[in-house]
Amino acid sequence: MIKITLPDNSIKEFPKGVTGYEIADAISSRLAKEVLSVSVNGEVWDLTRPIEGDAHIKLHKWDDREGKDTFWHSSAHLMAEAIEFFYPETKFGIGPTIDTGFYYDIDLPEGRQLSEKDLEKLEKKMLELAREKNDIARREISKADAISMFSEKGDVLKLELVNELEDGTITLYSQGNFTDLCRGPHLPNTGLIKAVKLTSVAGAYWRGDEKNKMLTRVYGVSFPKQKMLNEYLEMLEEAKKRDHRKIGKEMELFTFSEAVGQGLPLWLPKGAQLRMQLEDFLKKVQRKYGYDQVITPHIGDVRLYKTSGHYQKYGKDSFQPIKTPAEGEEYLLKPMNCPHHCEIYKAKPHSYKDLPVRMAEFGTVYRYEQSGELHGLTRVRSFTQDDAHIFCRPDQLKDEFKKVIDIIFIIFKALDFKDYTAQISLRDPNTPDKYIGSPGNWDKAEQAIIEACGEKKLNTVTEVGEAAFYGPKLDFMIKDALGRSWQLGTIQVDYNLPERFNLEYIGSDDQRHRPVMIHRAPFGSMERFVAVLIEHTAGKFPLWLTPEQVVLLPISKKYNDYAKKVLNFLNNSDIRTIIDDRNEKIGKKIRDNELKRIPYLLIVGEKEAETDTISVRRQGEGDKGSMALNEFVEFIKDAVKKQLSGLYN
RNA sequence: GCCGGAGUAGCUCAGGGGUAGAGCGCAUCCUUGGUAAGGAUGAGGUCACGAGUUCAAUUCUCGUCUUCGGCUCCA
């Protein structure tokens, strides 16, 4: 007998060689039906693999990431089986799982192509194969056998993979007529896969290297229940409707012009209004937290960026310097604000008593992004960071870092982002060439972040190798209303720039000391943030933020004068109001303005004009009855105050 | 940057070797209305740009630009 420890630390005895499935079945038959894979001492295993000794285990269902991974991994194999059925000479690359679903990179036989039209056929075949409920069997194989097997098959891709593996660790998985090189784990049988959608087909280089052959990548997603697939497809539809590029156009928030250039957004009046509202909000918060606003030019001497190290790192792959005609001086469109801010810091000597110095700027920066990377407002060549740099003493670092975390949460609260994770990005000690600065400073910086997160009790994940080249960082990812993750704010600790710019302060010991810098941008960039906000809210922005809060709808032109009086009154009361005095019936005006996502529609006609009232209609909710004008102003101001209460006052 | 789609009116899109169409929007007129589409008339296009094939190109071919889906990249 062996001892099996469950996640609740209860221990059960089972015969040696018991499988994950048998353990699940012993607990409950319902669990046995739902379980997909099992972690054995921290390693995810097939349910059918015998456990030979004492072990800690955790059973994974669909709700676990590990469960989904197993499910989608097997689905990728099922897809490969279907592809092999139709195109027997196909060579298979890798078929991993991704956030939602899986893909397989394949090399189709000479002259064959796969297009979106073929996907339906493959889906049908996959479901047909799934209904056969074929067992998925694991088999260990020697390296020599694996090499001869894939040589025989002529599968050069798998051969390349096998050659890189160590003997004794190579496993094959088979189901029906299909066998694949694979580390596993997999579902016990293909019958658990009840619903499949192949979502797209695209080109991808073998092993992500553009020098290699372009393979065909087929993306898909699968589910244990048809209903789940339907929900997923509905979510995709909804995501399409919320696409910020579509809504941005509809709501006249921003546009692009070929004449201006790709990746250079033009903010239209309503978009600019929205953005300024966000900026003003953050400025107020920052004032409370002791920041000073600064303004710096859009270009800087190229030597500034040589000092900072940015030029060496990115210069040649970026926008090239601008030259002055007479002197031949070289200037760079600024890709970062920090060097300018360092020079502001240097403009006067600093005492330890002055620190921290917190310098904020909505700084527009220009970066060359590869043309294929540009995407709406989320990836552009000119964008404005809600940037700030905090110059502080080493002993202040952690506290300052924690205050920045507080600001980020104020923003999340104001905009109703409830679900976040914070990613701590550390350097990869194996690739020291990628980073500048001394290992000692890196250690201190990484430690400060880890401790600050711990003390703030943040929900964090740690990624090694994701640090910026000058320092470690903490990035915030939020989940939007559709459950999609977006990276927004960032906080970065930097010992390097102060050194490169020779920044100093005079300590209480009357000696020169080096300050530490924190780079931080809670929104990230205004462009990207607005894009995320559009998709999160589907364009229905919170009342405090939305560019047009109220629209006046006169019943007929007889009441236009009264409507205009109300319009002036509301605008003078700082309520952003417009009027729709087109020659249209009231039903038509209501419909059009409901679709424009304006929160309040005020209908005015004879009744209202006589009594100095308005008839209130809430967008998406319908008629709310009539209100006196003063009463309505108070009501709106109250609603705005409630949304922002306690955040900066 | 690389692979593959796409580019026709302000917007969404149909069409196709003989120089263009719909709906919405816009303008004018009729209607003056009470909580999600009243009616009529009209203006709007170098069919992304450049070259080639052809008697004739918006349509076919090539190149360029932009855009979309991926890949790689992201201070």
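Letters go in sequence order (proteins before strands), and every chain restarts at 1. Bear in mind the structure is a predicted one, so any value in this text is a computation, not a measurement. In what follows, every heavy atom counts, from backbone to side chain, and hydrogens, waters and symmetry copies are set aside.
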By nearest atom, which of the nucleotides [options] is closest to the [X] side chain?
{"X": "Lys588(A)", "options": "G25(B), A75(B), C30(B)", "answer": "G25(B)"}
{"X": "Asp623(A)", "options": "U35(B), G34(B), A75(B)", "answer": "U35(B)"}
{"X": "Glu584(A)", "options": "G33(B), C73(B), G38(B)", "answer": "G38(B)"}
{"X": "Ser318(A)", "options": "G38(B), A75(B), A36(B)", "answer": "A75(B)"}
{"X": "Arg617(A)", "options": "G38(B), A75(B), A36(B)", "answer": "A36(B)"}
{"X": "Glu606(A)", "options": "G34(B), U32(B), G1(B)", "answer": "G34(B)"}
{"X": "Asn583(A)", "options": "A37(B), U31(B), C11(B)", "answer": "U31(B)"}
{"X": "Arg245(A)", "options": "C68(B), U12(B), U35(B)", "answer": "C68(B)"}
{"X": "Ala202(A)", "options": "G70(B), C11(B), U35(B)", "answer": "G70(B)"}
{"X": "Tyr368(A)", "options": "A75(B), G1(B), U67(B)", "answer": "G1(B)"}

When the [atom1] atoms of [M] and [N] are compared, how many Å lie between them, rounded to an integer?
{"N": "G17(B)", "M": "C13(B)", "atom1": "C1'", "answer": "23 Å"}
{"N": "C55(B)", "M": "G15(B)", "atom1": "P", "answer": "29 Å"}
{"N": "G16(B)", "M": "U66(B)", "atom1": "P", "answer": "30 Å"}
{"N": "A6(B)", "M": "U59(B)", "atom1": "P", "answer": "14 Å"}
{"N": "U58(B)", "M": "A48(B)", "atom1": "C1'", "answer": "11 Å"}
{"N": "G70(B)", "M": "G45(B)", "atom1": "C1'", "answer": "33 Å"}
{"N": "U35(B)", "M": "G69(B)", "atom1": "P", "answer": "42 Å"}
{"N": "U41(B)", "M": "C24(B)", "atom1": "P", "answer": "13 Å"}

Any side-chain N or O of [X] less than 4.0 Å from the OP1 or OP2 oxygen of [N]?
{"X": "Tyr219(A)", "N": "C71(B)", "answer": "yes"}
{"X": "Arg217(A)", "N": "C71(B)", "answer": "yes"}
{"X": "His375(A)", "N": "G69(B)", "answer": "yes"}

Look through every strand shown and name the nucleotide pairing with [N] as Watson-Crick or G-U wobble, where both distances are under 3.5 Å.
{"N": "G16(B)", "answer": "none"}
{"N": "A48(B)", "answer": "U64(B)"}
{"N": "U54(B)", "answer": "none"}
{"N": "A27(B)", "answer": "U41(B)"}

**Request:** Please determine, by modelled atom types, if Asp387(A) and His519(A) share a side-chain donor-acceptor pair under 3.5 angstrom.
**Result:** no
**Item:** Test item: side-chain donor near acceptor, Thr546(A) and Glu548(A), under 3.5 Å
**Value:** no
Remember a base hit wins even if backbone is also touched, and classify [X] as base, sugar-phosphate or nothing at under 4.0 Å, heavy atoms.
{"X": "Lys589(A)", "result": "nothing"}
{"X": "Ser371(A)", "result": "base"}
{"X": "Lys558(A)", "result": "sugar-phosphate"}
{"X": "His519(A)", "result": "nothing"}
{"X": "Ile586(A)", "result": "sugar-phosphate"}
{"X": "Gly587(A)", "result": "sugar-phosphate"}
{"X": "Glu594(A)", "result": "base"}

**Request:** Let me know which of Arg597(A), Lys596(A), Lys270(A) forms a salt bridge (Lys or Arg N to Asp or Glu O under 4.0 Å) with Glu250(A).
**Result:** Arg597(A)
**Item:** Approximate separation, where rounding is to 0.5 Å, of Arg617(A) CZ and Ile603(A) CD1
**Value:** 6.0 Å
To the nearest angstrom, how far is [X] atom [atom1] from [N] atom [atom2]?
{"X": "Lys249(A)", "N": "G10(B)", "atom1": "NZ", "atom2": "P", "answer": "12 Å"}
{"X": "Lys316(A)", "N": "A75(B)", "atom1": "NZ", "atom2": "P", "answer": "14 Å"}
{"X": "Leu553(A)", "N": "A37(B)", "atom1": "CG", "atom2": "P", "answer": "14 Å"}
{"X": "Ile555(A)", "N": "A36(B)", "atom1": "CD1", "atom2": "P", "answer": "11 Å"}
{"X": "Gln262(A)", "N": "C68(B)", "atom1": "CD", "atom2": "C1'", "answer": "13 Å"}
{"X": "Phe256(A)", "N": "A48(B)", "atom1": "CZ", "atom2": "P", "answer": "22 Å"}
{"X": "Tyr314(A)", "N": "C74(B)", "atom1": "OH", "atom2": "C1'", "answer": "7 Å"}
{"X": "Lys585(A)", "N": "G34(B)", "atom1": "NZ", "atom2": "C1'", "answer": "11 Å"}

**Message:** Closest-nucleotide mapping onto RNA chain B: is Ile590(A) or Cys338(A) further toward the 5' terminus? I mean the 5' end.
**Reply:**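 Closest to the 5' end, via its nearest nucleotide, is Ile590(A).
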**Message:** Between Tyr366(A) and Val201(A), which residue's closest nucleotide on RNA chain B lies nearer the 5′ terminus?
**Reply:**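 The 5'-side residue here is Val201(A).
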**Complete:** Between Leu332(A) and the options Phe319(A), Tyr366(A), Tyr311(A), the side-chain contact (heavy atoms from CB on, under 4.5 Å) test singles out Tyr311(A)
**Item:** side-chain contact (heavy atoms from CB on, under 4.5 Å) partner of Thr90(A), chosen from Asp107(A), Thr216(A), Asp155(A), Ile83(A)
**Value:** Ile83(A)
**Request:** Classify the glycosidic conformation of G15(B) as syn or anti, calling it syn when the angle lies within 90° of 0.
**Result:**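 G15(B): anti.
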**Request:** For residues Ile575(A) and Tyr600(A), determine if any side-chain heavy atom of one lies less than 4.5 Å from a side-chain heavy atom of the other.
**Result:**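 Side-chain contact under 4.5 Å: no.
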**Asked** Do Arg217(A)'s NZ or CZ and the ring of Tyr103(A) fall within the cation-pi criteria of under 6.0 Å and 45°?
**Response** yes
Base [N] paired with [X] side chain (donor-acceptor, <3.5 Å):
{"X": "Ser615(A)", "N": "U35(B)", "result": "yes"}
{"X": "Lys557(A)", "N": "U32(B)", "result": "yes"}
{"X": "Arg379(A)", "N": "C73(B)", "result": "yes"}
{"X": "Glu608(A)", "N": "G34(B)", "result": "yes"}

**Prompt:** How far apart are the closest heavy atoms of Thr296(A) and Glu361(A), and which atoms are they?
**Reply:**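 Closest approach of Thr296(A) to Glu361(A): N-OE2, 2.7 Å.
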**Prompt:** Quick one: are the ring centres of Phe523(A) and Phe529(A) less than 6.0 Å apart?
**Reply:**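 Yes.
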